[in-house]
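Comments concern the structure below.
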Amino acid sequence: MLELTVIHRAFLELIKISIGTSNNDFDFSLLTDKDWFNVLEESKKQAAVLLCFDALKNVEHKPNAELYNKWFLLAAANIKSNINIIKEQDALTTLLNDNKIPYVILKGVSSAHYYPDSNLRCLGDVDFIVDESYLEKTKELLLSSGYQLDDDTSSIHYELSRNKVRIELHRTISGIPQNKFSEYFSSQVSLFCENNVLEGNFSRPCDYHHAIIIFLHTLHHLLHNGIGIRHLCDWACFVQATQNDAFWTEKFIPLLKKTGTYNFMCGLTLTSVLLLGINKPLV
């Protein structure tokens, strides 16, 4: 296994403390001021500022006051950004609900649902998918409601924005292999909205479909520009929260075995066990 630096071990330990998987066996007194600065920088690069800052309340040997205050300000800025994104998402879902358009939110708050504290996941774009029959109607509704169309050239989604928040209206999801197995995944996409779960004031995919979405999203990123800790955290928290549920053995694992992607799932899960401390699944 790759030997991790003390900076990376400290960073991962903060993540584990925040998601509840730490064994409390890391000595933070080993860190110099420079090390702590680099841990902070890593948390910024990996979109994990909130997770790491939240963990500091449980750390005896904290960074110096100047660095701690800088981290606090960054965390506050991330919270403000999350609030703004949630506000725009609420406006979007209200618009969709009022016009009786079935949808589910992809990733984002749907992934955050599986974290011990959903507020600690840094949010980005608001991605959602509608039934194919509602796609053009939804686009026109958004345009008439003040959204700006930024890009309509992707085969995956339309990119729109409002109030500096990017909205992605999906017709499908990224990562579906373009081979003889694509239909196995594509046939599930058409069922996302039909099997939605109401979570507060938004609709998220059911656990089985969320597994497909974040699994293929992670695979897509790995094959193109690499994956980060937030991708791994999303997977780790999901596995930790659902690993004893029946959909794994009844639906998800058979799907992966049929499509030649099972070994990647095993590798991704083992990485989550080794780096983020989740329980090793029995399947």
Side-chain angles (χ1 to χ4, degrees), residues 102-108 110-111 114 124-136 138-139 151-159 166-197 204-239 242-243 245-275 278 280-283:
Y103 73 93
V104 291
I105 300 292
L106 305 174
K107 303 169 293 180
S110 294
S111 289
Y114 299 94
D125 306 334
V126 177
D127 295 66
F128 73 106
I129 192 168
V130 299
D131 285 331
E132 181 70 27
S133 60
Y134 287 91
L135 184 65
E136 293 306 316
T138 304
K139 185 184 77 167
D151 188 4
D152 63 354
T153 61
S154 170
S155 61
I156 302 293
H157 54 65
Y158 292 121
E159 288 184 13
R166 192 166 82 164
I167 309 290
E168 292 188 357
L169 166 57
H170 283 249
R171 53 170 60 87
T172 186
I173 58 173
S174 61
I176 295 177
Q178 299 305 303
N179 55 31
K180 62 182 180 180
F181 300 120
S182 62
E183 182 54 34
Y184 289 108
F185 293 109
S186 297
S187 63
Q188 291 301 316
V189 173
S190 63
L191 302 175
F192 286 175
C193 298
E194 180 180 328
N195 293 281
N196 71 316
V197 177
R204 63 176 177 85
C206 67
D207 293 343
Y208 170 49
H209 288 150
H210 183 73
I212 293 173
I213 291 162
I214 62 169
F215 174 75
L216 290 179
H217 181 69
T218 304
L219 178 59
H220 171 77
H221 272 272
L222 183 68
L223 294 175
H224 289 79
N225 52 8
I227 66 173
I229 286 296
R230 185 167 63 173
H231 295 105
L232 193 64
C233 269
D234 283 355
W235 183 255
C237 290
F238 175 72
V239 172
T242 66
Q243 61 181 255
D245 294 350
F247 77 87
W248 284 93
T249 54
E250 292 178 2
K251 297 179 180 180
F252 190 55
I253 289 176
L255 172 67
L256 300 187
K257 287 183 175 180
K258 281 191 297 187
T259 57
T261 54
Y262 176 72
N263 286 343
F264 174 67
M265 186 277 290
C266 291
L268 184 62
T269 303
L270 181 59
T271 303
S272 300
V273 172
L274 296 175
L275 293 186
I278 67 169
K280 187 175 181 179
L282 296 178
V283 293

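This structure is a prediction, so every number in the text was calculated from the model and none was measured. Below, each value reflects all heavy atoms present in this structure, side chains not excepted, and no hydrogens, waters or symmetry copies.
Under the 3.5 Å distance criterion, the side-chain polar atoms of His231 are matched with a main-chain donor or acceptor of Gly228. With His217 contributing its side chain and Ile213 its backbone, the two residues share no donor-acceptor pair below 3.5 Å.
Residue Lys139 qualifies as enclosed at atom NZ: its count of foreign heavy atoms under 6.0 Å is above 12.
With rounding to the nearest 0.5 angstrom, the CG atom of Asp234 is 11.0 Å from the CD1 atom of Ile229. Of the inter-residue distances, the one linking Thr269 atom OG1 with Ile278 atom CD1 reads 6.5 Å to the nearest 0.5 angstrom. Atoms CG and OH, from Asp207 and Tyr114 in turn, are 3.5 Å apart once rounded to the nearest 0.5 Å. We find the CD1-CD distance between Ile167 and Glu159 to be 11.0 Å, quoted to the nearest 0.5 Å. One finds the CD1 atom of Ile129 at 8.5 Å from the CG atom of Leu169 (value rounded to the nearest 0.5 Å). The distance from the OH atom of Tyr158 to the NE2 atom of His170 is 13.0 Å, given to the nearest 0.5 Å.
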Can you check side chain to side chain contact (heavy atoms under 4.5 Å, CB included) on Ser111 and Ile214, steps first, answer last? CA-CA 8 Å; Ser111 289; Ile214 62 169; 3.7 Å; yes
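Between Val239 and Trp248, some side-chain heavy-atom pair lies under the 4.5 Å cut-off. At least one side-chain heavy atom of Arg204 sits less than 4.5 Å from a side-chain heavy atom of Val197. Val189 places a side-chain heavy atom less than 4.5 Å from the side chain of Ile176. Contact of the Leu219 side chain with the Ile227 side chain is not registered, since no non-hydrogen atoms from C-beta on lie closer than 4.5 Å. No side-chain heavy atom of His210 sits under 4.5 Å from any side-chain heavy atom of Phe247. Counting only heavy atoms from C-beta outward, the side chains of Phe185 and Ile173 never approach each other to under 4.5 Å. When side chains are defined from C-beta on, Phe128 counts as touching Thr138, because their heavy atoms get closer than 4.5 Å.
Aromatic ring centres of Phe264 and Phe215 lie closer together than 6.0 Å.
Summarising the geometry of Val273 relative to Lys280, their closest heavy-atom pair is CG2-CA, 3.8 Å, with the distance given to 0.1 Å. Annotation for Pro102 and Cys193: closest pair O-SG, 3.7 Å, computed over non-hydrogen atoms. Considering every non-hydrogen atom in both Phe238 and Thr242, the closest pair reads O-OG1, 2.8 Å.
Screening Lys107, Arg166, His157 for a side chain to side chain donor-acceptor pair (under 3.5 Å) involving Asp125 leaves a single residue, Arg166.
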Which atom pairs, donor and acceptor, lie under 3.5 Å between side-chain atoms of residues 252-260 and protein residues at least two apart or in another chain?
from: Thr259; atom 1: OG1; to: Leu255; atom 2: O; distance (Å): 2.9
from: Thr259; atom 1: OG1; to: Leu256; atom 2: O; distance (Å): 3.2
from: Thr259; atom 1: OG1; to: Thr261; atom 2: OG1; distance (Å): 3.0

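The closest side-chain donor-acceptor pair between Asp151 and Thr153 falls under 3.5 angstrom.
The side chain to side chain donor-acceptor pair (under 3.5 Å) analysis of residues 174-195, with sequence neighbours excluded, yields the pairs Gln188-His209.
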